[in-house]
2 protein chains.
Amino acid sequence: MMPYPQKTEPLAILAAALDIVENQGWPALSMRSVAAALGVRASSLYRHYADRAALDSALGALAAKTLLREMESAAGRLDGPARLDAMALAYVRFARNSPALYQLIAAPGGAADSQPESKAIWNLILDAIARCSKTRRDHTPAAVVLWSFLHGYISLDAAGKFGASGPKGALEKGLAAIVKGFA
Amino acid sequence: MMPYPQKTEPLAILAAALDIVENQGWPALSMRSVAAALGVRASSLYRHYADRAALDSALGALAAKTLLREMESAAGRLDGPARLDAMALAYVRFARNSPALYQLIAAPGGAADSQPESKAIWNLILDAIARCSKTRRDHTPAAVVLWSFLHGYISLDAAGKFGASGPKGALEKGLAAIVKGFA
DNA sequence: GTCTATACCACGATAGAC
DNA sequence: GTCTATCGTGGTATAGAC
């Protein structure tokens, strides 16, 4: 449900920022808009977040933590291709449900890649691939292929680039083909 | 070579904008910065471009035209998998050489997808896949898989998400696997 | 911990002189 | 076709009263 246990202001601020960024997009996020959503003045926020970058950073941490948690949860006790498949679908689901937070994971200046969870996510994927594979060689290229496909699909779909015809099941087909290729 | 046969100033402005956006990124592009690069005042630009959106639009047109031309050129008289491969590599090369323009092709609000060339690019890909395939069914899913992989790889690579280890040949491997899967 | 007030900056855009 | 001057907006951030 909610990101974290709610204490006082800092979390309320983060929640308001999250709400704005997910419902109105990144350009709408400013110290002013967050403050307005809380019925407060922008200058008040600086008591709780040193500057705008600190707010972005907190959102980045939230993104990385949430995605890692959801992928681990989806993986559960699964193993082999089923594990990888479940994790990939959890990744796509997160990106669809929280497109703005997802940008912090994958976008150029993303505030999430300084988070330790980002590294953990990468290792989780590498591990899942290793469990599918019979060989013991470096699985980095395989992980790159999988990640590239997922991210590309998510981005283009979210941008509406597949047009009226839609992707026509390409996600499932591509994912199945890639995971199968690992075994 | 050049986008249009226009007179003098409009193209000089477009060139200056292109230079800024490719060398300093999108945030650095403003009517002021373009004007400064030309040794002129910002207000002067409005004689040649009605507003900022018109400038963006011109860049979008440039992006779509350039990419289409380079993909057609790469395809040449090739056929079968070789044709598809050459086009895919031309796509990647364009994205690498002109990362800012590429964003107009693939990014959410991209100013290029209203261009007729964008449709032409899509059809070019669909046609190339059809030439690889023995079946006559709808190749939309295949095109979506290919495009997703290419775009995802380009984006994550440009964002430095592959880290110090690098992609380790994943582009070539993934592309080969996908194209092979079409035959 | 929030308020008012303010400073500073950069942006897009227009009016009117030259 | 470019200039100066100016306007309005909206962003980050600080100082100091309450």
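Computed from a predicted structure; not experimentally measured. Labels below follow one simple rule: chain letters A, B, ... track the order of the sequence lines, proteins then strands, and each chain is numbered from 1.
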Review item, side-chain donor-acceptor pairs of residues 81-97 of chain A, under 3.5 Å, at least two apart:
| unit_1 | atom_1 | unit_2 | atom_2 | d |
| --- | --- | --- | --- | --- |
| A:R83 | NH1 | A:G76 | O | 3.4 |
| A:R83 | NH1 | A:L78 | O | 3.0 |
| A:Y91 | OH | A:Y102 | OH | 2.8 |
| A:Y91 | OH | A:W147 | NE1 | 2.7 |
| A:N97 | ND2 | A:R93 | O | 3.4 |

Distance-only criterion, 3.5 Å: show the donor-acceptor pairs between side-chain atoms of residues 36-48 of chain A and protein atoms not counting sequence neighbours.
| unit_1 | atom_1 | unit_2 | atom_2 | d |
| --- | --- | --- | --- | --- |
| A:S44 | OG | A:R41 | O | 3.3 |

Can you give each donor-acceptor pair under 3.5 Å made by side-chain atoms of residues 51-58 of chain A, sequence neighbours left out, with the distance rounded to 0.1 Å?
| unit_1 | atom_1 | unit_2 | atom_2 | d |
| --- | --- | --- | --- | --- |
| A:D51 | OD1 | A:A53 | N | 3.3 |
| A:D51 | OD1 | A:A54 | N | 3.0 |
| A:R52 | NE | A:D56 | OD1 | 3.1 |
| A:R52 | NE | A:D56 | OD2 | 3.3 |
| A:R52 | NH1 | A:L29 | O | 3.1 |
| A:R52 | NH2 | A:D56 | OD1 | 3.4 |

For residues 105-116 of chain A, which side-chain N or O atoms pair as donor and acceptor with protein atoms under 3.5 Å away, sequence neighbours left out?
| unit_1 | atom_1 | unit_2 | atom_2 | d |
| --- | --- | --- | --- | --- |
| A:D113 | OD2 | B:K161 | NZ | 2.9 |

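In this structure, A:E9 atom CD and C:dC3 atom P are separated by 10 Å, rounded to whole Å. Taking atom CG of residue B:L55 and atom P of nucleotide C:dC11, one finds them 14 Å apart after rounding to whole Å. Going from atom CD1 of B:I13 over to atom P of C:dG12 covers 14 Å, rounded to whole Å. Rounded to an integer number of Å, the gap from B:D56 CG to C:dC11 P is 14 Å. Counting to the nearest Å, the C1' atom of C:dG1 and the CG atom of A:L45 are 11 Å from each other.
Listed by chain and number, the residues in a ring pair (Phe, Tyr, Trp, His ring centres under 6.0 Å) with B:F162 are B:Y153 (sequence neighbours excluded).
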Which letter, B, S or -, goes with each nucleotide of nucleotides 11-18 of chain D from 5' to 3', with contact meaning a protein heavy atom under 4.0 Å?
BBBB----
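Residues B:S33 and B:I20 share a closest heavy-atom pair of O-CD1, 3.4 Å.
Contact annotation: A:S44 does not reach the phosphate of C:dG1 (side-chain N/O to OP1 or OP2, under 4.0 Å).
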